[in-house]
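Only one structure is covered here, and it is reproduced in the block below.
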Amino acid sequence: VSQTGPAVTNVTPDLGPHSGGTVLTITGGPFDPAATVEVRGYPVLSVQFVSPTELQATMRSLPGGVLNEVAVINPGGCKGIWTGTFFTQFEDVTLGHPFGPFIANLVRASVTAGCGTGIYCPESAVTRAQMAVFLLRSNDGPTYVPPACVTPAFGDVPCTSPFAPWVNELGVRQITSGCGGGNYCPNDAVTREQMAVFLLRTLEGPTYVPPDCTTATFNDVPCTSPFAKWIEELVERGITAGCGGGSYCPTAANTRGQMAVFLSVTFGLP
């Protein structure tokens, strides 16, 4: 019986539904024919020994929206732990959801933990207040904390608001000047056209100006739109392909699912 501690070099796929059933291919070794596998400290449903360098394990049901450690245990208790993590999708993100991998990226980068226990709310609109947090965490990293609010930058975001430090920091960095009249409109949904400006100014800084629009990509964003050059730059960088049918849907609310794509691609998350 082997007493060698196994090395786990890779696990594929690295995400799956919270309900279980995903078959993991685990590579590394040396694996004993009697090796067991645990995910999040729980035994998997079944383990198939393929070779001393490969195992297949069938996942059990686990909490949604969680990053889980994968471990292989050879007889005698010698354990190898994968340095990556298996992500169990949120309960409201179905298997094969087009935004699923991007949502996982946000969790891996500690940008979000969802909208509640085990759920992400992918179809819900992102508010301008929430967007301030998402942008700065994506750009500056999960440990970033903005300075405390002493003097509110906008009349409708008092320092008592939990979003005030984040919104104020957007003002300090000149990423936004608000929605007019000295206000920020924190509870309004971020539109897809506004999102283009938020992303590029956060990434590139306040002095950045994209090239002028000369040929419109989308039938609903003519070059005469003040947002056209920002949206065209997202296209140029491969950040968006629109909302379908040759359109961008510029005034539509940006959903949390769409936001996951925008942030992941723009900031290279995780």
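Reckoned from all heavy atoms, side chains included, excluding hydrogens, waters and symmetry mates. Heads up: numbering here begins at 1 and tracks the sequence.
Between Ser19 atom OG and Glu91 atom CD the span is 9.5 Å, to the nearest 0.5 Å. Summarising the geometry, atom OG1 belonging to Thr266 is positioned 7.0 Å from atom CE belonging to Met195; distances are rounded to the nearest 0.5 Å. How far CD1 of Ile239 is from CG of Leu200: 6.0 Å, rounded to the nearest 0.5 Å. In this structure, CZ in Phe227 is found 13.5 Å from CZ in Arg192, a value given to the nearest 0.5 Å. Arg237 CZ to Glu232 CD: the interatomic distance, rounded to the nearest 0.5 Å, is 13.0 Å. Here the CE atom belonging to Met131 is positioned 14.5 Å from the CG atom belonging to Asp188, to the nearest 0.5 angstrom.
The shortest distance between side-chain heavy atoms of Pro250 and Thr191 does not fall below 4.5 Å. Using a 4.5 Å cut-off on side-chain heavy atoms (C-beta onward), Met259 and Leu106 make contact. Inter-residue side-chain proximity for Arg128 and Phe163 is flagged as unmet; no heavy-atom pair is nearer than 4.5 Å. Proximity of Asp14 to Phe87: side-chain heavy atoms (C-beta onward) are nowhere separated by under 4.5 Å. For the pair Arg137/Trp166, a side-chain contact is recorded, criterion being any heavy-atom separation below 4.5 Å from C-beta on. Leu203 places none of its side-chain heavy atoms less than 4.5 Å from the side chain of Tyr208. A 4.5 Å side-chain heavy-atom check between Leu269 and Arg108 finds every atom pair outside the cut-off. Side-chain atoms of Asp92 and Pro122, non-hydrogen and from C-beta on, do get closer than 4.5 Å to each other.
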Self-check item: Residue pair Phe86, Leu62: steps toward the side-chain contact (heavy atoms from CB on, under 4.5 Å) verdict
Solution: CA-CA 11 Å; Phe86 180 86; Leu62 289 170; 5.5 Å; no

Self-check item: CA sep, side-chain torsions, deciding dist, call: Phe267, Thr202, side-chain contact (heavy atoms from CB on, under 4.5 Å)
Solution: CA-CA 10 Å; Phe267 299 103; Thr202 302; 3.9 Å; yes

Exercise. List the steps, then state whether side-chain contact (heavy atoms from CB on, under 4.5 Å) holds for Val133 with Val111.
Key: CA-CA 8 Å; Val133 182; Val111 173; over 6 Å; no

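Linking Ile, Leu, Val, Met, Phe, Trp and Tyr residues whenever their side-chain heavy atoms come within less than 4.5 Å leaves Met59 and Leu67 in two separate clusters. Residues Leu95 and Val39 do not share a hydrophobic cluster, defined by chaining ILVMFWY side chains whose heavy atoms lie under 4.5 Å apart. Linking ILVMFWY side-chain heavy atoms closer than 4.5 Å, directly or via other members, places Val70 and Val66 in two distinct hydrophobic clusters. By the rule that hydrophobic residues join a cluster once side-chain heavy atoms approach within less than 4.5 Å of another member, Phe102 and Ile119 end up as members of separate clusters. Connection of Trp82 to Val107 is not established within any shared hydrophobic cluster, with ILVMFWY side chains joined at heavy-atom distances below 4.5 Å, either directly or through further cluster members.
The shortest heavy-atom contact between Ile26 and Phe31 is O-CE1, 3.7 Å. Scanning all heavy atoms of the two residues, the minimum distance from Gly114 to Tyr120 falls at CA-CD1, 4.1 Å. Taking each heavy atom of Ala57 and Val44 in turn, the nearest pair found is CB-CG2, 3.9 Å. Shortest non-hydrogen contact noted between Pro158 and Pro152 is CA-CB, 4.3 Å. Of all the heavy atoms in Pro165 and Ser161, the pair that sits closest is CD-O, 3.9 Å. Scanning all heavy atoms of the two residues, the minimum distance from Thr22 to Pro17 falls at OG1-CD, 3.3 Å.
A salt bridge links Arg173 with Asp140; the closest basic N to acidic carboxylate O contact falls under 4.0 Å.
Asn10 contributes no side-chain N or O that, together with a main-chain N or O of Thr27, makes up a donor-acceptor pair within less than 3.5 Å. Without hydrogens or angle criteria, Asn183 side chain to Cys185 main chain gives no donor-acceptor distance under 3.5 Å. Side-chain atoms of Asn254 never come within 3.5 Å of backbone atoms of Gln194 as a donor-acceptor pair (strictly under, hydrogens ignored). Counting only distance, with no hydrogens or angles, the side chain of Glu169 and the backbone of Leu136 share no donor-acceptor pair below 3.5 Å.
Few gaps surround CD on Glu204; more than 12 heavy atoms of other groups in view lie less than 6.0 Å from it.
Ring pair Phe99/His97 is tilted by interplanar angle, where 30° to 60° counts as tilted.
With hydrogens and angles left out, the side-chain atoms of Thr25 and Glu54 include no donor and acceptor closer than 3.5 Å. Donor-acceptor pairing under 3.5 Å is recorded for the side chains of Ser247 and Asn219.
Under the side-chain contact (heavy atoms from CB on, under 4.5 Å) test applied with Val8, the options Val72, Val37, Leu55 reduce to a single match, Val72.
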